[in-house]
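Here the structure is laid out as structure tokens; the discussion comes afterwards.
Heavy atoms only: backbone and side chains are in, while hydrogens, waters and symmetry mates are out. Just so we're clear, the structure is a prediction, and the values are computed from it rather than from any experiment.
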Amino acid sequence: MIRPIEYIHPEDEAARRNMEAIPGFAAALKLIMKYYSEQLFHGLNMANKIRLSPTQLPEIYKKLPPICRSLNIEEPEFYLEMNPFPNAYAMGDTRTMVTLTSGLLEYLTEEEVSSVIAHECGHIACRHMLYHSLAQILVQRIGSMGLLGDAITPVFWALQYWSRRSELSADRAGAVALGDIRKVVEVQIRLAGGPKHITKDVNVEEFVRQADYYDELQANSKWDKLLQNYSILESSHPYAAIRVREILRWGDTDQWRRIRNRIEAERNGTELCPGCQNPVEPEWMYCRHCGRKLK
């Protein structure tokens with residue numbers, strides 16, 4: 001079993017720990033989520049969306065169970081929402097819920113939809129849901145809170161800062177669930193530029209260079225840095241080019257290589273060296289990759 005600690009992005013972990021350091025914040029939030037928000041959204045979802053199951057649109061539902069097994073989580077409630085905008089989102093902490101929009105299913109290929117589901121389940125596996133759900137509620141409510149909304153705006157900005165980092169962990173979780181980083185990249189290309197029949201020939205390396213240019217733009221001009229920081233202040237997601245660059249960088253690390261080897265070994269019934277996580281043969285006394293004693 002691959003644990004979230006093996007793939008959580010370090011910036012996600014650091015930002016979450018800063019929020020957890022606020023005395024009583026997490027405990028109070030859990031109570032609010034359990035007895036108010038989760039109950040509210042569970043009822044609204046059941047009344048206004050289609051709950052997917054083995055007997056309700058099973059062709060969509062069947063994508064969920066293998067992903068949950070890969071990430072070692074319980075199946076969340078799974079819903080379909082009529083919305084032409086391609087989107088998916090997860091809600092809840094003790095009662096988790098994942099929703100796909102009709103636009104997403106029309107916009108992406110079957111494999112890309114699976115990648116999006118894996119991403120949302122990755123938020124659950126990484127235990128993002130408590131703060132993630134609060135951020136979504138504040139997006140909907142903060143404008144109508146008057147002076148209270150003004151007072152908690154800095155908390156909202158901190159949640160959004162963390163949320164952007166949490167997306168990088170969920171991207172990694174999606175790759176772990178599917179055993180393939182390419183699908184994560186392809187989804188971001190689609191969401192940045194359009195459906196597959198338009199963007200299938202996008203030069204990914206050139207797209208990544210846009211992220212490098214974006215960093216240079218801010219490094220070379222304080223004004224540009226101020227503008228860009230302001231533009232993303234209330235956003236819950238990093239920009240697509242940044243996400244593609246981050247997941248591809250991770251794909252070049254030993255951490256991903258070890259995880260990928262374990263995924264392939266589980267699928268093929270292959271034994272791995274407990275030291276270097278490379279495939280070994282049953283007759284080997286020592287690992288021929290790292291020299292570790294096996295028997």
Any carboxylate oxygen within less than 4.0 angstrom of a Lys/Arg side-chain nitrogen, looking at Glu13 and Arg165?
no
Can you tell if the side chain of Ser70 reaches within under 4.5 Å of the side chain of Ile2, non-hydrogen atoms only?
no
For Arg164, enumerate each residue passing the side-chain contact (heavy atoms from CB on, under 4.5 Å) test, keeping only those at least two apart in sequence or located in another chain.
Gln160, Tyr161, Ile232, Pro238
If hydrophobic clusters are built from ILVMFWY residues whose side chains come within less than 4.5 Å, do Leu52 and Ile73 share one?
yes
Specify the closest pair of heavy atoms between Glu74 and Cys68, including all atoms of both residues, with the distance to one decimal.
O-SG, 4.3 Å
Partners of Tyr239 by ring pair (Phe, Tyr, Trp, His ring centres under 6.0 Å), sequence neighbours excluded?
Tyr214
Listed once per pair and sorted, the salt bridge (charged side-chain N to carboxylate O under 4.0 Å, His left out) pairs that draw on residues 80-97, sequence neighbours left out:
Lys30-Asp93, Lys49-Glu81, Glu77-Arg95
Quiz: residues 191-199 side-chain donor-acceptor pairs under 3.5 angstrom, not counting sequence neighbours:
| unit_1 | atom_1 | unit_2 | atom_2 | d |
| --- | --- | --- | --- | --- |
| Thr199 | OG1 | Arg190 | NH1 | 2.9 |
| Thr199 | OG1 | Gly194 | O | 2.9 |
| Thr199 | OG1 | Pro195 | O | 3.1 |

Do Tyr79 and Leu64 share a hydrophobic cluster, counting only Ile, Leu, Val, Met, Phe, Trp and Tyr and linking them when any side-chain heavy atoms are less than 4.5 Å apart?
no
Considering residues, nucleotides and ligands other than Arg262, do more than 12 of their heavy atoms fall under 6.0 Å from its CZ?
yes
Contact list for residues 216-227, test side-chain hydrogen bond (donor to acceptor under 3.5 Å, both in side chains), sequence neighbours left out
Ser221-Asp224
Verdict with supporting geometry, Arg257 and Asp254, salt bridge (charged side-chain N to carboxylate O under 4.0 Å, His left out):
CA-CA 5 Å; Arg257 180 187 59 78; Asp254 287 339; 3.7 Å; yes
Hey, quick one: are Phe207 and Leu168 part of the same hydrophobic cluster, counting side-chain heavy atoms closer than 4.5 Å, chains of contacts allowed?
no
Just wondering, are more than 12 heavy atoms of other shown residues or ligands nearer than 6.0 Å to CD in Glu110?
no
Does the pair Glu186/Arg182 count as a salt bridge with the N-to-O cut at 4.0 Å?
no
Taken in chain and number order and not counting sequence neighbours, the residues that satisfy ring pair (Phe, Tyr, Trp, His ring centres under 6.0 Å) with His128 are His123, Trp162
Determine, step by step, whether Thr101 and Asn83 satisfy the side-chain hydrogen bond (donor to acceptor under 3.5 Å, both in side chains) criterion, reporting the C-alpha distance in whole Å, the side-chain angles of both residues, the deciding distance to 0.1 Å, and the verdict.
CA-CA 5 Å; Thr101 67; Asn83 184 335; 5.5 Å; no
Any side-chain donor near an acceptor of the partner, Glu167 and His9, under 3.5 Å:
no
